[in-house]
Number of protein chains: 2
Amino acid sequence: MNIGKWSIDKYNFTEEEIKLTLSHFVPQQMKANEFFLKAGEISNFIGYVTRGLLRSYFYDDQANEITTGFFAEGSLIVAADSFNNRFPSKEYIKAIEDVEMSVISYKDQMELYQQIPAWHQICKELGDIKISEMLERAESFQTLSAHERYQQFCEAYPNLLQRVNLGYIASFIGVDNATLSRIRKKK
Amino acid sequence: MNIGKWSIDKYNFTEEEIKLTLSHFVPQQMKANEFFLKAGEISNFIGYVTRGLLRSYFYDDQANEITTGFFAEGSLIVAADSFNNRFPSKEYIKAIEDVEMSVISYKDQMELYQQIPAWHQICKELGDIKISEMLERAESFQTLSAHERYQQFCEAYPNLLQRVNLGYIASFIGVDNATLSRIRKKK
DNA sequence: AAACGATTTTGACTTTTGTCAAAAGATTGA
DNA sequence: TCAATCTTTTGACAAAAGTCAAAATCGTTT
C-alpha cells in the first residue's frame, strides 16, 4: 500500500529546490467516483493525496474486480507499471471519497531531473519504497493464511476499515467476499 | 523473478561509459552451496550471473524455508530490500549450482553515480523492472489458484524445472510440497 | 417512512489445499 | 557399491476457502 512512508523531510532539499519542486505540483480536486486513471490510458500523473481516499483495481479474466491498492491522505497515487514503462494501464484508479491532492505530470516530472539534482535521489527512494512494499505484499500472500492476511491488514490500516467496502478489502487480500465475512465473525 | 529482462544494450552508453562500468564489475566464482548473502548481513554486492544458478530464501515464524527467487544466467542477483535500504537481510542467497558472475560493491556502485551520467538511468530502469516483477507476482497470488500459479511458473521458467528441487518451487509459489506433487500428477 | 439498490451475512454444500506419516525414489559420499 | 540422507510421492484425513443463492442489513433517495 501507499500510506505515510514518504515524507519530503527525508531529503536534503535546498530551499530553492523545495520551491521549484512544489511549483510543479498543482492542486486539484476530485469528486467521489471520478477517475484518476482509466484502464487503457497511459498514466501521466503522480498525485499526492492531502484529503480523501482513492482505490486502484483491475478486472481479471473472469471479470472480477480486483482491488490492488488504497491511497489515503499522505499517499502518492501512482500506477507504477504504466507511469514508469509508458504503456496502457490495466488498472483503474477511482476516488472513493472526495479528494484533494497535488499532481505533477510525467513531462514536468521528467524536467525536474534537469532542474533539481536531488530529484534523482527522490525518485530512487520512491522506487525503493515501492519495491519494499511489494516484496512485503508478495510475502504475505506466500506465507500467511487468509485470516492472518486480514489481521495484518487491520493492523496496518485500521482507519481504512471504516472507510471502504469490505468487498474491496476482500479482493485486496485475495479472498472471497463470503470468506472474509466469516473470517470477521470468528473474532 | 530475475531472468533476462535486463540487458546492457538498452542504454545509450558511450564506449567510455561501458568501459568504466565494466571496470567496476569484478569476475567471481562460487561453488554450489556457498552463500552470496546470509541473513543478518547487509547486502553489499550486486552480482550478474553468467553461469550457474542461485536461490534466495528466508525462514518464516514456523522455521519453514521460504524460497523467494531464483537467479540464473543473465539475472542480476540483488537482495533489494537490504541493498537499497542498508539494513540486515532477512534472506539468504545461496548457490544451487557452481556459479560464475561479475560483482560490484555497494560503494563502487555509488561512485558510478558521479562517474557515469547514465548510471542514474540504469538504476532507475532496474528498479522499475523489479517493481513490475513484484506487481505481477503479487497479482498471481491474488488471482490464481495453486495449480494456475504452477502452470505460470512452468511457462515462465521452463528451464528451471529441471534444475531445482520441487520443494523450492513449491514454497516459491506458496503451496505445500505434497500439494505441488499432486498438482503435477494431474497433468 | 417506504422503496430501491448495493453490500454484507448466512446456510448448505463442494473444492482446494494442508497435515502427518509412511513409502518410494534419487543423490551423495565414504 | 552401499548406506545414509535428502527429496518426492502417496494415503487417509482435516481444515481452509470457494460457490451459489437467499436473507438480512445498510444507505440513499424520494
Side-chain angles (χ1 to χ4, degrees), chain A residues 31-34 52-53 55 57 59-67 70 92 94-98 138-154 160-187, chain B residues 31-34 52-55 57 59-67 70 92 94-98 138-154 157 160-187:
Chain A
K31 290 276 170 207
N33 296 317
E34 285 179 8
L53 180 59
R55 172 178 78 105
Y57 60 94
Y59 293 94
D60 70 9
D61 6 326
Q62 293 120 220
N64 300 310
E65 198 181 277
I66 309 291
T67 294
F70 299 100
Y92 296 83
K94 192 177 179 180
I96 292 180
E97 307 169 354
D98 292 354
E139 186 186 312
S140 87
F141 281 119
Q142 205 178 350
T143 63
L144 303 181
S145 67
H147 196 291
E148 290 166 325
R149 294 202 299 280
Y150 175 67
Q151 290 178 324
Q152 196 184 59
F153 180 92
C154 293
L160 288 188
L161 274 177
Q162 341 298 131
R163 293 167 77 183
V164 310
N165 288 345
L166 290 175
Y168 299 165
I169 296 175
S171 84
F172 182 71
I173 63 175
V175 304
D176 188 84
N177 267 349
T179 301
L180 177 57
S181 178
R182 292 187 176 104
I183 284 171
R184 282 162 54 83
K185 210 165 51 162
K186 309 195 183 164
K187 208 174 58 66
Chain B
K31 289 275 169 207
N33 295 317
E34 285 179 8
L53 180 59
L54 306 90
R55 172 178 77 105
Y57 61 93
Y59 293 95
D60 71 9
D61 7 324
Q62 293 119 219
N64 300 310
E65 198 182 276
I66 309 292
T67 293
F70 300 99
Y92 295 83
K94 192 176 178 180
I96 291 180
E97 307 170 353
D98 292 353
E139 186 186 312
S140 86
F141 280 119
Q142 203 179 350
T143 62
L144 302 182
S145 68
H147 196 292
E148 291 166 325
R149 293 201 301 279
Y150 175 68
Q151 291 178 322
Q152 196 183 59
F153 180 92
C154 293
Y157 315 106
L160 288 188
L161 273 177
Q162 343 297 132
R163 293 168 76 184
V164 310
N165 288 345
L166 291 173
Y168 299 163
I169 296 175
S171 84
F172 182 72
I173 64 175
V175 304
D176 189 83
N177 266 350
T179 301
L180 177 57
S181 178
R182 292 186 177 106
I183 284 171
R184 282 162 53 85
K185 209 165 51 163
K186 309 195 182 165
K187 210 173 56 63

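Everything numeric in this text was worked out from a predicted model, so none of it was measured. Labels below follow one simple rule: chain letters A, B, ... track the order of the sequence lines, proteins then strands, and each chain is numbered from 1.
Comparing B:Tyr168 and B:Ala178 by the nucleotide of DNA chain D that holds the closest heavy atom to each, the one mapping nearer the 5' end is B:Tyr168.
At whole-Å resolution of the value, CZ in B:Arg55 and P in D:dT7 are 9 Å apart. Residue A:Ile96 contributes atom CD1, which lies 15 Å from atom C1' of C:dA6 at whole-angstrom precision. Note: CD (B:Glu148) to P (D:dA17) measures 17 Å, nearest angstrom. Rounded to a whole Å, the CG atom of A:Leu180 is 14 Å from the P atom of C:dT7. Here the C1' atom of nucleotide C:dG11 and the CG atom of A:Asn177 are 16 Å apart, to the nearest Å. Whole-Å rounding puts the A:His147 NE2 to D:dG18 C1' distance at 17 Å. As rounded to whole Å, 15 Å separates atom C1' of D:dT10 from atom CG of B:Leu166. When the P atom of C:dC20 is taken as reference, atom CG of B:Asp176 falls 10 Å away, rounded to whole Å.
Residue-to-nucleotide contacts include a donor-acceptor pair under 3.5 Å from the side chain of B:Arg182 to the base of C:dT19.
Using a 4.0 Å heavy-atom criterion, one finds that B:Asn165 contacts the sugar-phosphate atoms exclusively.
For A:Thr179, no side-chain nitrogen or oxygen approaches OP1 or OP2 of D:dA17 to under 4.0 Å. The phosphate of D:dT10 (OP1 or OP2) has a side-chain N or O of B:Lys185 nearer than 4.0 angstrom.
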Side chain to side chain contact (heavy atoms under 4.5 Å, CB included) evaluation trace for B:Val164 with B:Thr67: CA-CA 11 Å; B:Val164 310; B:Thr67 293; over 6 Å; no

Side chain to side chain contact (heavy atoms under 4.5 Å, CB included) assessment of A:Ile169 paired with A:Leu161: CA-CA 8 Å; A:Ile169 296 175; A:Leu161 274 177; 3.8 Å; yes

Verdict with reasoning, A:Ser181 to A:Leu166, per side chain to side chain contact (heavy atoms under 4.5 Å, CB included): CA-CA 8 Å; A:Ser181 178; A:Leu166 290 175; over 6 Å; no

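Across C:dG18, D:dT9, C:dT9, the shortest atom-to-atom separation from the side chain of A:Ser181 is found for C:dT9.
Here the side chain of B:Asp98 pairs no donor or acceptor atom with the backbone of B:Lys31 at under 3.5 angstrom.
Atom OG1 in A:Thr143 sits 9.5 Å away from atom CG in B:Asn64 (nearest 0.5 Å).
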